[in-house]
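Encoded as structure tokens, the structure appears first; notes follow it.
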Amino acid sequence: MKLLKYSFLLILAVVISSSVNAQDEKADRLIGIWEPSHGKAKVKVEKIGEKYYGKIVWLREPVNPETEKPKVDKNNPDEKMRSTPLRGYRILKDFQYTSKNEWTEGTIYDPENGNTYNCIIKMTDENTLDIRGYIGISTFGRTDIWKRLKMPSKKKK
Amino acid sequence: MKKIIGNLAFVLIAVLVACGPSQEKTNDIKLPLTAEGPFFAGPTSLMHEFKPDLKALMGDDAAKLKELKLKDISVNLPEGSPYSWYDFTSASLVFVSDNSPMTSVAILNPIKSNGTNIVLTTSEEADLVEFFKEEKFTILLDLDFIEDSYEDAINADLTMNLVFKY
């Protein structure tokens, strides 16, 4: 009887563990480099702790033509932080995977006006994201489509 | 009538004074930060997982904490480091946790240093109370590498001067 009980517990632990791993694998599909529809930037999504963050890793125009220096976050509401470089800036913050291919609870920052919006990320296929920024309720917002950047595969010799 | 308004104003001021933080303590925290190489040109995050102990930092006043701000932040490259501050264009410090929103707390851009030490400009708005009430949170120092580097690791020492208001 004892053996049966332990076997049952062991099977239960294995089932729970594999289910958690599967959920992590689904959530981690967000990791990678993505390109917004305007093509002005590329954003690398990474995981820190249990949440997902996206930072700008490439800018089509990295230099401010007025200052001839690398672009900075000149519209940051916190005046003291306005010298933060845009390259490396985390514009996607604090996303958590829920289910149904959605990451929620996060925000998106628009460096062009210094505003931060609530945001929902929906993966419509492995290489496409619907990024919906909104204020208040998600009905009133704007969706942008981001595409995964595919790294060129190395040629076999 | 004038007397009533005067009394009301006095009560309002007394309430506001009683509600706001009235005392403060400062404390220095020193932490090692590290990242594993190789490193590519652009920003790299040096990390430290910090387990705050408010009781140790504030004693019996820990429960009364109302506001926590960073006053000064400096970063040192340890003696013998293969790097100097000329290897980076900027440095920014960020706090991350599972329960609080990511918060940028300090920046230095461009980096200006004559020696092993840099001093970052701290945010006026970032209030760190929620981070210090958590079991743990992650401190990230984003260093912007000028060029690729193939060292095994980079280490730095962070000193934070914190102001606890209660």
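What you are looking at is a predicted structure, and each value in this text was computed from that prediction instead of being measured. Just so we're on the same page: letters track the sequence lines, and every chain starts at 1.
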Distance (rounded to the nearest 0.5 Å) between A/M81 CE and B/T103 OG1: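 It is 10.0 Å, given to the nearest 0.5 Å.
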A/R82 side, atom CZ; B/N109 side, atom CG - distance, nearest 0.5 Å: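 With rounding to 0.5 Å, CZ (A/R82) is 15.0 Å from CG (B/N109).
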Grab the two heavy atoms, one from [X] and one from [Y], that are nearest each other, plus how far apart they are.
X: A/D94; Y: B/S100; value: OD1-O, 3.9 Å
X: B/G42; Y: A/R87; value: CA-NH2, 3.4 Å
X: B/S45; Y: A/K55; value: OG-NZ, 4.2 Å
X: B/V94; Y: A/R90; value: CG2-NH1, 4.1 Å
X: A/K93; Y: B/S104; value: NZ-OG, 4.5 Å

Where on [X] is there a heavy atom nearer than 4.5 Å to chain A: the side chain, the backbone, both, or neither?
X: B/A106; value: backbone
X: B/D142; value: side chain
X: B/S90; value: side chain

Tell me whether [X] shares a hydrophobic cluster with [Y], the cluster being built from Ile, Leu, Val, Met, Phe, Trp, Tyr side chains joined at under 4.5 Å.
X: A/V72; Y: B/I146; result: no
X: A/V43; Y: B/L140; result: no
X: B/L77; Y: B/I139; result: yes
X: A/I91; Y: A/I121; result: yes

Winner by heavy-atom pair count (cut-off under 4.5 Å) against chain A, out of B/I107, B/D144, B/L108: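 Answer, by heavy-atom pair count under 4.5 Å with chain A: B/I107.
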Quick check: are there more than 12 heavy atoms from other residues, nucleotides or ligands sitting under 6.0 Å from [atom1] of [X]?
X: A/K44; atom1: NZ; answer: no
X: B/D60; atom1: CG; answer: no
X: A/K122; atom1: NZ; answer: no
X: A/Q96; atom1: CD; answer: yes
X: A/E35; atom1: CD; answer: yes
X: B/E124; atom1: CD; answer: no
X: B/D152; atom1: CG; answer: no

For each of [options], tally heavy-atom pairs with chain B at distances under 4.5 Å, and name the one with the top tally.
options: A/S83, A/G106, A/P70; value: A/S83
options: A/G88, A/P77, A/P85; value: A/P85
options: A/E79, A/K51, A/E50; value: A/K51

Engaged part of A/K69 at the chain B interface, taking heavy atoms whose separation is under 4.5 Å: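 The answer is neither part of A/K69.
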Heavy-atom contact with chain B under 4.5 Å, split by part of A/V57: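 It is neither, since no heavy atom gets under 4.5 Å.
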Short side-chain to backbone donor-acceptor contact, A/D78 and B/S123, under 3.5 Å: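 The answer is no, because no donor-acceptor pair under 3.5 Å joins these two groups.
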With B/M102, the side-chain contact (heavy atoms from CB on, under 4.5 Å) member among A/L92, A/T107, A/I48: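 Exactly one pass, corresponding to A/I48.
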